[in-house]
Amino acid sequence: MSIEKIISLAEIVYFKKGETITSVGQNNNLEYFLIDGICKTFLITPEGDTITISFFMANSIISPSTTRNNFGKSLLNIQAVTDVEIIKINATEFEKLMIEDLEIRDFGNSVLRNELMTKVHKEIGLASLKGKDRLALLRKQFPNIENQIPHADIASYLGITNISLSRLRTQS
């Protein structure tokens, strides 16, 4: 059974709200399956501002290793926005399973396709939608997220200021 092969590599880890899971430049050869809680990927600008790239909710997969690492080093910071429970798996071992097992390969490829589509849709939204439409899309993608995480993270993700987010929230 394919799931049993994956489970044999899995280790459950817990992070508290605000803890860093990995940082830019850190060696990271892991795949992360988010069981419970909310995580974000983010970068810090040269001016010191935090830019939220993505959110990940319970029962999802944090961006695959191949999309968030370069030569084994993390391109992104990953942080627990709430207390989280994560299954981590060695990415090299997971890749070996993908080669050996067609079902796991199909699963891995669908995760990569979903990651690509999510990124493309976000780019299109940032380029073509007004702030209120981006907020509506966020609410559809991540129901109830506004009541669970700091609004500064949401504003950053939407590419707007905290003040603009506050105004949009009172209008809707």
Side-chain angles (χ1 to χ4, degrees), residues 6 10 12-24 26 28 30-45 48-69 74-89 91 94 106-172:
I6 294 172
I12 296 176
V13 291
Y14 300 90
F15 293 91
K16 293 285 186 193
K17 177 181 179 178
E19 281 189 287
T20 300
I21 297 165
T22 191
S23 300
V24 169
Q26 182 179 1
N28 186 282
L30 297 170
E31 300 292 358
Y32 299 107
F33 298 77
L34 181 58
I35 303 304
D36 193 31
I38 302 172
C39 290
K40 72 174 182 177
T41 55
F42 69 98
L43 293 170
I44 298 175
T45 68
D49 297 323
T50 298
I51 306 297
T52 302
I53 307 296
S54 299
F55 293 116
F56 301 91
M57 308 292 276
N59 300 314
S60 68
I61 299 166
I62 296 175
S63 300
S65 174
T66 57
T67 66
R68 63 181 159 74
N69 291 329
S74 184
L75 298 169
L76 300 169
N77 301 295
I78 304 174
Q79 182 181 52
V81 184
T82 64
D83 290 350
V84 298
E85 178 181 0
I86 293 175
I87 292 175
K88 67 179 185 176
I89 296 176
F94 186 75
D106 288 345
F107 168 74
N109 287 334
S110 70
V111 169
L112 284 171
R113 274 192 305 277
N114 289 339
E115 177 75 6
L116 177 61
M117 290 308 298
T118 299
K119 300 285 187 214
V120 168
H121 286 131
K122 182 179 180 201
E123 285 180 19
I124 291 169
L126 286 172
S128 65
L129 298 175
K130 293 184 178 198
K132 70 175 186 168
D133 297 322
R134 283 184 259 157
L135 179 58
L137 187 58
L138 173 99
R139 287 173 171 164
K140 183 178 177 185
Q141 287 176 311
F142 305 106
N144 202 35
I145 196 168
E146 292 171 85
N147 299 322
Q148 300 176 60
I149 69 169
H151 291 166
D153 288 339
I154 294 170
S156 170
Y157 176 81
L158 296 174
I160 60 177
T161 65
N162 280 334
I163 293 169
S164 294
L165 176 60
S166 180
R167 286 185 186 136
L168 289 172
R169 292 185 76 230
T170 56
Q171 291 172 5
S172 56

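By convention here, the first residue in the shown sequence is residue 1.
Interatomic distance, Ser63 OG to Leu112 CG, rounded to the nearest 0.5 Å: 10.0 Å. Between Leu116 atom CG and His121 atom NE2 the span is 9.5 Å, to the nearest 0.5 Å. The CD1 atom of Ile61 lies 10.0 Å from the CG atom of Leu34; values are rounded to the nearest 0.5 Å. One finds the CZ atom of Arg134 at 11.0 Å from the CG atom of Leu165 (value rounded to the nearest 0.5 Å). With rounding to the nearest 0.5 angstrom, the CD atom of Gln141 is 10.5 Å from the CZ atom of Phe55. Between the CG atom in Leu137 and the NZ atom in Lys140 there is a gap of 7.0 Å [rounded to 0.5 Å].
At least one side-chain heavy atom of Asp153 sits under 4.5 Å from a side-chain heavy atom of Lys40. For the pair Ile86/Phe56, no side-chain contact is recorded, criterion being any heavy-atom separation below 4.5 Å from C-beta on. Within the 4.5 Å cutoff, the side chain of Arg68 has heavy atoms near those of the Tyr32 side chain. Inter-residue side-chain proximity for Ile35 and Ile12 is flagged as unmet; no heavy-atom pair is nearer than 4.5 Å. Between Ser54 and Ile62, the closest side-chain pair of non-hydrogen atoms is not below 4.5 Å. Between Ser74 and Val24, every side-chain heavy-atom pair lies at or beyond the 4.5 Å cut-off. Taking the side chain as every heavy atom from C-beta outward, Ile145 and Met57 approach each other to under 4.5 Å. Contact of the Ile38 side chain with the Val84 side chain is not registered, since no non-hydrogen atoms from C-beta on lie closer than 4.5 Å.
Across all non-hydrogen atoms, the minimal contact from Val111 to Pro64 is CG1-CG, 3.6 Å. Smallest separation of non-hydrogen atoms from Asp36 and Ala58: CA-CB, 3.8 Å. Closest approach of Ile78 to Thr41, counting heavy atoms only: CG1-CG2, 3.9 Å. Among all heavy-atom pairs drawn from Asn162 and His151, the shortest one is OD1-O, 3.6 Å. The two residues Ala80 and Cys39 have their closest heavy-atom pair at CA-SG, 4.2 Å.
Taking a 6.0 Å sphere around NZ of Lys130, one finds it holds 12 or fewer heavy atoms contributed by other residues, nucleotides or ligands. The environment of Arg139 atom CZ is dense: over 12 non-hydrogen atoms of other residues, nucleotides or ligands sit within 6.0 angstrom.
Under 4.0 Å is where a charged nitrogen must lie from a carboxylate oxygen, and between Glu115 and Lys119 at least one such pair does.
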Starting from the C-alpha separation in whole Å, work towards a yes-or-no answer on side chain to side chain contact (heavy atoms under 4.5 Å, CB included) for Glu146 and Leu135. CA-CA 10 Å; Glu146 292 171 85; Leu135 179 58; 4.1 Å; yes
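Thr45 places a side-chain N or O within 3.5 Å of a backbone atom of Asp49 that can act as its donor or acceptor partner. Here the side chain of Asn69 pairs a donor or acceptor atom with the backbone of Asn28 at under 3.5 angstrom.
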Please report, to 0.1 Å, the donor-acceptor pairs under 3.5 Å made by any side chain of residues 154-161, with sequence neighbours excluded.
from   : atom 1 : to     : atom 2 : distance (Å)
Ser156 : OG     : Thr50  : O      : 3.1
Ser156 : OG     : Thr52  : N      : 2.6
Thr161 : OG1    : Ser164 : N      : 3.0
Thr161 : OG1    : Ser164 : OG     : 3.0

